[in-house]
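Side-chain atoms are counted along with the backbone in the values below, which use heavy atoms only and exclude waters and symmetry mates. Here, residue 1 is the first one in the sequence, and each next residue gets the next number.
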Amino acid sequence: MVVYTGAGASVFYGYEGTFGAGATYDKVFGLNTRVNSLSVTTNRIELGLLGQVEPTAFAYGQQQARMGVNFTFDSRTSHNIFKGIYGTASSTKYPADLGETKASVDLVGKSIAAKISIETPSSTGAGSDYGTGTHTKMERLLKGGVIQTLGMTANVGETVNGTCDLVFGKEESVSNPSSGSITEQDTVAVAGSPYTFAHGVFKVSDGSALQTIGEVQSIDVTFNQNSELLYKLGSHYATDAFKKVLDVSGRFKTSWKEGNHLQHVLNQAIGTGFDLKGGINQHSGVSAELTFTSTEDNGKSIKIEFKGLSFGDHTVSGLEPVEPVFEELSWKAQAARVTYVV
């Protein structure tokens with residue numbers, strides 16, 4: 001009896017031309033891709049009957065599948081996932097403009113379809129124990145998907161890690177099993193280098209310039225589309241999707257050497273030191289900037305600019321003997337733009 005393992009699995013995604021119609025599955029999330037959750041439900045409805053305690057029938061509502069993916073951002077392929085937030089890039093930018101008008105972003109990012117394949121040798125035949133015999137595979141096609149949250153995290157001593165939570169409105173069938181081999185992950189080139197904490201620079205505006213924040217220990221950014229699937233009469237499958245409020249937030253931790261950030265939080269109570277929309281004073285329309293540049297891959301980079309950034313809280317740690325003192329701030333931005341060089 002052969003057991004399926006991740007050694008014989010692959011996951012690819014692509015952007016749909018029409019919602020729910022499927023795609024060309026030619027994109028990978030990045031390096032070290034891991035599917036940490038995958039589930040599907042048809043929202044079963046139980047129907048009772050007077051005079052008994054057991055359900056007498058079942059009906060079924062909307063079909064919905066969820067997938068959670070972890071990966072490492074790389075210098076050549078990972079930027080594609082931002083199309084699921086901002087739609088088609090303008091040149092090398094998602095979106096074209098760093099602004100808050102509806103023209104700067106799609107009302108919902110491009111819908112996604114995903115293909116998950118698992119391969120095992122057959123239980124009979126020469127070489128079946130080691131993958132040299134006849135192969136079979138299971139394959140699932142998830143369609144009509146949207147990104148709900150996309151996260152980026154960088155900690156000292158680690159790679160730049162990503163998380164992506166998706167919801168899909170259509171899965172029609174599963175090949176279980178079928179003949180043939182899966183498409184290997186390395187057939188879609190992940191030729192880039194992994195980004196690490198050492199590639200990063202984080203800058204925050206003081207109103208006159210973007211100042212580099214030194215000795216950053218950790219930083220994370222989260223894009224939450226607050227997206228939902230739309231259903232209609234006549235089908236269990238989703239027919240479209242829509243975005244509510246695009247929420248861009250994050251947190252960073254750095255050594256505490258001056259009181260500017262704390263003073264900004266304190267000033268919120270008296271209403272001074274802000275721009276007209278309540279964020280920190282910007283420089284050339286930018287409040288903060290996070291950049292990762294691969295020195296190993298000819299300077300390829302990914303940069304996220306934030307507009308209308310507001311700190312939410314200020315936390316101090318390490319006020320004890322022989323411990324370094326750190327400050328940690330949470331923030332939210334009114335808008336963001338991703339620029340990549342590949």
Side-chain angles (χ1 to χ4, degrees), residues 1-6 8-23 25 34-70 84-85 107-120 122-124 136-151 163-179 182 222-247 249:
M1 181 67 179
V2 178
V3 178
Y4 291 104
T5 75
S10 66
V11 56
F12 296 95
Y13 75 93
Y15 289 106
E16 298 178 323
T18 302
F19 186 92
Y25 304 96
R34 304 176 304 286
V35 177
N36 57 54
S37 64
L38 180 60
S39 64
V40 63
T41 180
T42 52
N43 290 286
R44 184 185 63 233
I45 304 166
E46 296 185 5
L47 303 174
L49 183 69
L50 288 174
Q52 68 181 46
V53 294
E54 300 89 354
T56 190
F58 298 113
Y60 299 93
Q62 307 102 312
Q63 186 199 78
Q64 188 175 97
R66 293 183 178 274
M67 182 170 71
V69 180
N70 291 356
I85 300 290
L107 294 180
V108 67
K110 291 286 187 180
S111 64
I112 290 179
K115 178 173 72 173
I116 301 97
S117 302
I118 304 176
E119 178 186 67
T120 184
S122 65
S123 59
T124 60
T136 59
K137 66 175 179 178
M138 286 192 297
E139 188 172 271
R140 297 180 64 177
L141 300 179
L142 308 177
K143 304 174 185 178
V146 290
I147 293 174
Q148 293 195 307
T149 60
L150 175 64
T163 59
C164 188
D165 294 316
L166 305 104
V167 60
F168 298 87
K170 187 177 185 180
E171 183 179 8
E172 296 170 290
S173 61
V174 56
S175 57
N176 183 26
S178 63
S179 61
I182 65 169
T222 301
F223 298 83
N224 187 346
Q225 289 208 98
N226 291 288
S227 53
E228 294 187 11
L229 297 175
L230 184 66
Y231 295 83
K232 67 177 182 179
L233 287 173
S235 176
H236 292 283
Y237 302 132
T239 186
D240 210 332
F242 60 95
K243 177 190 299 182
K244 293 183 177 178
V245 176
L246 176 58
D247 218 351
S249 60

How many angstroms lie between NZ in K170 and CG in L141, if you round to the nearest 0.5 Å?
11.0 Å
If we only count heavy atoms from C-beta on, is the E139 to K137 side-chain gap below 4.5 Å?
yes
Distance, nearest 0.5 Å, that separates OG1 of T149 from CG of D247
11.0 Å
With side chains defined as the heavy atoms from C-beta onward, is the minimum distance between V11 and V69 less than 4.5 Å?
no
Looking only at heavy atoms, what is the nearest atom pair of V40 and Q63, with distance?
CG2-CG, 4.2 Å
Got a second to check how far N226's CG is from Q148's CD, nearest 0.5 Å?
8.5 Å
I need the Y60 OH to I45 CD1 distance, nearest 0.5 Å.
10.0 Å
How close do Y25 and A23 get, heavy atom to heavy atom, and via which atoms?
CE1-O, 3.1 Å
Might you point out which heavy atoms bring I116 and M67 nearest each other, and give the distance in Å?
CD1-SD, 4.0 Å
Heavy-atom pair with the smallest gap, counting every atom of K243 and I85
NZ-O, 3.1 Å
With the side chain counted from C-beta on, respond yes when C164 and I147 share a heavy-atom pair under 4.5 Å apart, and no when they do not.
yes
Show the nearest heavy-atom pair for residues G68 and D165, with the distance to one decimal.
CA-OD1, 3.7 Å
Got I112 and Y15 here, is their nearest side-chain heavy-atom distance under 4.5 Å?
yes
Apply side chain to side chain donor-acceptor pair (under 3.5 Å) to the pair S111 and E16, showing each step before the final yes or no.
CA-CA 6 Å; S111 64; E16 298 178 323; 2.7 Å; yes
Using the side-chain contact (heavy atoms from CB on, under 4.5 Å) rule, take T42 and H236 through it: C-alpha gap first, then chi angles, then the decisive distance, then the call.
CA-CA 8 Å; T42 52; H236 292 283; over 6 Å; no
For residues F168 and K143, determine if any side-chain heavy atom of one lies less than 4.5 Å from a side-chain heavy atom of the other.
no
Least distance between heavy atoms, F19 atom then L229 atom:
CZ-CD2, 4.0 Å
Side chains of L38 and L142, heavy atoms from C-beta outward: is any pair under 4.5 Å?
yes
